[in-house]
Amino acid sequence: MRTAVYRSLARTAASAKSHLSRRCYSVESAPERKVAVLGAAGGIGQPLALLMKLNPLVSNLALYDIAGTPGVAADVSHVNTRSEVTGYVGEDQLGKALEGSDVVIIPAGVPRKPGMTRDDLFNINAGIVKSLCTAIAKYCPNALVNMISNPVNSTVPIAAEVFKKAGTYNEKKLFGVTTLDVVRAKTFFAGKAKVPVSEVDLPVVGGHAGITILPLFSQATPKANALLSESDIQALTKRTQDGGTEVVEAKAGKGSATLSMAYAGALFADACLKGLNGVPDVVECSFVQSSITELPFFASKVRLGKQGVEEVLGLGPLSDYEKQGLENLKPELKASIEKGIKFANEN
Ligand SMILES: NC(=O)C1=CN([C@@H]2O[C@H](COP(=O)(O)OP(=O)(O)OC[C@H]3O[C@@H](n4cnc5c(N)ncnc54)[C@H](O)[C@@H]3O)[C@@H](O)[C@H]2O)C=CC1
Ligand SMILES: O=C([O-])CC(=O)C(=O)O
């Protein structure tokens, strides 16, 4: 029985590893890449640190938090994969954690409790993100920044303003991580349409909060829309938009999505690393500086390359329901972006 469980775990680890590193190099030929995780001792940070340790594209993994990172780093460092792991704790060590980083992933900050919106996290997380981005501008201004901390619709504009003030802003290198919305939309669509989840693909556009999350089920493949009624699509849309709240309520005061977020964060960081390494045609959805709508930041499909964003892809054809969803989300997303910009300029 035990052996069967170990065998099955080994198979799962091997398939996760091959999923994360598909279209990539052998360990021997992959370039050196340093990834820093800020908030690495948290609910997302710990499993994300483990998943990044499993990624053969990473040669140096820096784990930073205000407390607890020596233990996490010691633990993760025993996993027999390529990267060297170092733990950094407290602001004095932040510079060392960041120096030389190619990708910085930020899951630092407080999570929601039941009854809260992501915007309710603004007052605490805005300051955390601002101070971490100030350090990024100083110690690794060329790194790709993967922003996980909520509210993403505001923390990404905050980061952009901090980098602009420091003279280091490069719109190709700043990403709000919305991959969990895509992961959820794929899972829910596969379940409802009864198609294999591994074959499902679809974009999720807009932002990362409530109605600003707009899954484009009309573009989902495999084409199963004939099997789904308009009310099925509306229910899938609502479930995707409320996916974070579903987890917050189930955890009943013990935080928000951590494990699925770590998976999503690892997928997105892997895509960034592949882009940096010159793998062609790496496309993921992300909340980036954008001109595909009138809003200055917007999540859509993005082609990743050696400099970060290579191309922000358009929305593609929308159903009438999606066109309406797009118009409905704009005022809220605009207000969240403006709130972030205002905070950064006044603090
Ligand atoms: N973008 C997305 O799809 C998602 C975003 N989130 C967000 O991610 C953030 C983190 O969530 P959890 O890991 O569950 O929270 P957590 O509370 O378990 O962990 C946060 C970690 O950040 C650390 N931290 C606080 N201030 C810091 C600072 N100045 N520098 C470095 N580290 C600092 C804490 O010590 C803690 O270890 C929250 O804002 C949450 O809303 C969560 C799920 C999905
Ligand atoms: O809902 C939350 O607070 C965390 C989050 O962003 C998500 O799970 O999508």
Side-chain angles (χ1 to χ4, degrees), residues 36-49 62-73 87-95 97-98 104-136 145-156 158-159 175-185 187 204 206-210 212-213 215 239-251 253-269 285-287 299 336:
V37 180
L38 312 184
I44 296 168
Q46 292 200 37
L48 179 58
L63 303 180
Y64 172 80
D65 204 304
I66 49 175
T69 24
V72 178
Y88 299 91
V89 67
E91 251 181 85
D92 291 351
Q93 297 186 10
L94 179 55
L98 291 172
V104 179
I105 314 175
I106 313 183
V110 291
R112 283 200 283 164
K113 289 192 186 321
M116 293 171 84
T117 66
R118 290 178 182 82
D119 187 58
D120 292 332
L121 305 172
F122 186 97
N123 288 344
I124 298 180
N125 290 353
I128 293 173
V129 162
K130 185 166 184 258
S131 71
L132 292 174
C133 289
T134 303
I136 290 170
V145 175
N146 293 184
M147 183 68 70
I148 292 175
S149 310
N150 270 318
V152 167
N153 293 352
S154 302
T155 53
V156 169
I158 290 172
F175 302 88
V177 181
T178 57
T179 318
L180 183 53
D181 302 316
V182 179
V183 163
R184 286 178 176 140
T187 304
V204 181
H208 179 67
T212 73
I213 300 167
R239 188 166 179 213
T240 306
Q241 291 173 334
D242 293 345
T245 307
E246 186 177 319
V247 179
V248 168
E249 280 168 5
K251 290 199 174 180
K254 298 227 165 82
S256 55
T258 53
L259 304 172
S260 50
M261 182 59 234
Y263 168 73
L267 278 186
F268 188 70
C285 289
S286 180
F287 184 66
S336 300

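Note that ligands are numbered from 1 as they come in the structure, with each ligand's atoms numbered from 1 the same way.
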Test item: side-chain donor near acceptor, Asp119 and Ser154, under 3.5 Å: no
Over 12 non-hydrogen atoms of neighbours within 6.0 angstrom of CD in Glu91: no
Modelled atom types, side-chain donor and acceptor of Thr245 and Arg112, under 3.5 Å: yes
Pairing residues for Asp120 by the side-chain contact (heavy atoms from CB on, under 4.5 Å) criterion, not counting sequence neighbours: Met116, Thr117
Donor-acceptor contact below 3.5 Å, side chain Thr69 vs main chain Tyr64: no
Shortest non-hydrogen contact from Ala299 toward Gly207: CB-N, 4.4 Å
Contact table, ligand 2 N/O with protein N/O, distance under 3.5 Å:
unit_1   : atom_1 : unit_2 : atom_2 : d
ligand 2 : 1 (O)  : Arg112 : NE     : 3.4
ligand 2 : 1 (O)  : Arg112 : NH2    : 2.7
ligand 2 : 1 (O)  : Arg118 : NH2    : 3.2
ligand 2 : 3 (O)  : Arg112 : NE     : 2.6
ligand 2 : 6 (O)  : Arg118 : NE     : 2.9
ligand 2 : 6 (O)  : Arg118 : NH2    : 3.4
ligand 2 : 6 (O)  : Asn150 : ND2    : 2.8
ligand 2 : 6 (O)  : His208 : NE2    : 2.6
ligand 2 : 8 (O)  : Arg184 : NH1    : 3.4
ligand 2 : 8 (O)  : Arg184 : NH2    : 2.8
ligand 2 : 9 (O)  : Arg118 : NH2    : 2.9
ligand 2 : 9 (O)  : Arg184 : NH1    : 2.8
ligand 2 : 9 (O)  : His208 : NE2    : 3.2

Counterpart residues, side-chain contact (heavy atoms from CB on, under 4.5 Å), relative to Val204 (two or more places apart): Asp181, Val182, Ala185, Leu202, Ile213, Pro215
Residue shell around ligand 1, heavy atom under 4.0 angstrom: Gly39, Ala41, Gly42, Gly43, Ile44, Tyr64, Asp65, Ile66, Pro107, Ala108, Gly109, Val110, Pro111, Leu121, Asn125, Ile128, Leu132, Ile148, Ser149, Asn150, Val152, Val177, Leu180, His208, Ser256, Ala257, Thr258, Met261
Check: Phe287 ring centroid to Phe175 ring centroid under 6.0 Å: no
Pair Lys251, Thr258: side-chain N/O donor-acceptor within cut-off below 3.5 Å: yes
